[in-house]
Number of protein chains: 2
Amino acid sequence: MKLETVDIRQSASAADVVFEALRKAIIEGELAEGEHLRQDHIAQMFNTSRIPVREALKRLEQEGLVANERYKGTVVAALSSAEVEEIFEFRALLESEVIRLAVPRLSEEQLAEAYRHLQAFASEPDASLWGEINRNFHYSLYEAAGRPYHLQVIRSSLDRVDRYLRAQLTLTNGMTRARAEHQAIYDACARGDADEAARLTRAHILDASRSLLVFIEERRAVAQAESH
Amino acid sequence: MKLETVDIRQSASAADVVFEALRKAIIEGELAEGEHLRQDHIAQMFNTSRIPVREALKRLEQEGLVANERYKGTVVAALSSAEVEEIFEFRALLESEVIRLAVPRLSEEQLAEAYRHLQAFASEPDASLWGEINRNFHYSLYEAAGRPYHLQVIRSSLDRVDRYLRAQLTLTNGMTRARAEHQAIYDACARGDADEAARLTRAHILDASRSLLVFIEERRAVAQAESH
DNA sequence: TTAACTCAGATTGGATCCAATATACAATAG
DNA sequence: CTATTGTATATTGGATCCAATCTGAGTTAA
């Protein structure tokens, strides 16, 4: 008798589950910055002990998504405007270079996938999904660069600022502009113009940074005013 | 009675101590790639339980310095030649940009410090210190860029390949060339030529990458031959 | 009144114990 | 003799327990 060898999917460790869930919650802005992450509170939510929770928190800390003070606890990391701005500059540098490398290697299939994300981004009514679709669009193009380490770092840097980006996308007219810029980036890729795709990607990211910083400042001004 | 309020140095947590020690050991090449890191072995070395060891290993895993397989254990991460090459490309991109930003902001004091590292690098007879001095030289220049996030990522990317770099520095004539290239970078910085400093930094890193890859290939070929 | 002190509860960091899984080796059937 | 199966040991992942520290309310003294 011969059976197909099925790779029995090891369920992920509890620490990994907690890590992914918290990462997602932070990226999506469900956890406010500065919010305390109590170990046994989280442990109860996942029906585990505090041990895997602590390992997850250590990993998040290494990623810069949370900050820990000994015997005080772990809080969702808060970024200053300067830090947000720097991370967007960083992304602009890295992502423009990666897309330059990607363009000459884009297959028809990959272009088609990017196009699907482009359309999904334009037509999706549920704003809570825009952030994810935005990621998918860009990453589907970057994949072709064949630079896994670069992609990993890009992912990590976007993680740190994604909640701001998502908040801004759904407000102001960030969505409208993003849609037009995505189209332009896609067009440059489709016609094989790597330099233009790189230039547009850089501008796209720095554009978002600028309007996002205005947004953050406003929000902080309001919070300031309310607290008095 | 009034005493000066001294910030009593909280001794670092056990997890942090273990993390730093293992990170250092991996970077310096004291742990061979693929080597198993047994939890209670390490715990005994540091006179602690396995709990802080596990947290340290999680952090190292997040940094990509070790790889973990569930119920099998954690080993020092092994990089393929392609991965090493990609990380050097990444460093070349990032570090050349950072030094470009740094040059116009370099103070006399910072230049002087870089010069001290430059001389230390040339005159230090103990080869085991070269890797650290090399880092110090570059970072002392990068500091002036005022880009802490960029520096953090640079540090993390260097961590992954530093053991290869250090091995190569001490062999072949990597040291001789590095010394000359450092001098040229320093000179460009001293005369305020940001573009040239960037160009030289990029070439410096890619140079190292090339000779290092040759070195790795040779070493693997030897290992291959010996195993037969 | 206000600042310093005390003490109880909450929370984190670490140690020890138990469960799940992998690995190596012995036993056995063909 | 070889391949498979069973079993003991090692190792990791997770739970529970204990110690160290923080926090905040109440108390006291100037």
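Letters A, B, ... are given to chains in the order of the sequence lines, protein chains preceding strands, and every chain is numbered from 1.
- Regarding A/Arg70, its CZ atom lies at a distance of 12 Å from the C1' atom of D/dA19, rounded to whole Å.
- Protein atom CG of B/Leu37 is 17 Å distant from nucleotide atom C1' of D/dG13, rounded to whole Å.
- As a whole-Å value, the separation of A/Arg38 CZ from C/dT11 P is 6 Å.
- Taking only side-chain nitrogens and oxygens, A/Gln39 comes nearer than 4.0 Å to OP1 or OP2 of C/dG13.
- Distance, A/Asp16 CG to D/dT12 P: 16 Å, rounded to whole Å.
- Taking atom CD of residue B/Glu69 and atom P of nucleotide D/dT11, one finds them 16 Å apart after rounding to whole Å.
- Among the protein residues, B/Leu57 comes within range of no part of the nucleic acid, since none of its heavy atoms lies under 4.0 Å from any strand.
- Side chains of B/Glu61 and B/Thr74: a donor-acceptor N/O pair is absent below 3.5 angstrom, by distance only.
- The pair A/Arg166-A/Glu132 meets the salt-bridge criterion, since a charged nitrogen lies less than 4.0 angstrom from a carboxylate oxygen.
- You'll find that the side chain of B/Lys72 is closest to C/dT23, out of C/dT23, D/dG13, C/dG14.
- The line from CZ of A/Arg50 to CZ of A/Arg38 is 11.5 Å long, rounded to the nearest 0.5 Å.
- Between the side chains of B/Glu217 and B/Ser81, at least one donor-acceptor pair of N or O atoms lies under 3.5 Å.
- Ring centroid separation for the pair B/His138 and B/His117 does not come in under the 6.0 Å cut-off.
- If you check every strand for non-hydrogen atoms under 4.0 Å, A/Asn68 touches sugar and phosphate atoms only.
- Relative to the six-membered ring of B/Tyr139, B/Arg155 meets both conditions, a distance below 6.0 Å and an angle of at most 45° to the axis.
- Protein atom CD of A/Glu55 is 7 Å distant from nucleotide atom P of D/dG13, rounded to whole Å.
- Contact annotation: side chain of A/Arg54 to base of D/dG14, donor-acceptor pair absent below 3.5 Å.
- Close placement of the A/Phe90 and B/Tyr149 rings is indicated, their centers lying within 6.0 Å of each other.
- Between the OH atom of A/Tyr71 and the C1' atom of C/dT12 there is a distance of 7 Å, given to the nearest Å.
- In the region residues 40-51 of chain A, proximity to DNA chain C at under 4.0 angstrom, judged on heavy atoms, holds for A/Arg50, A/Ile51.
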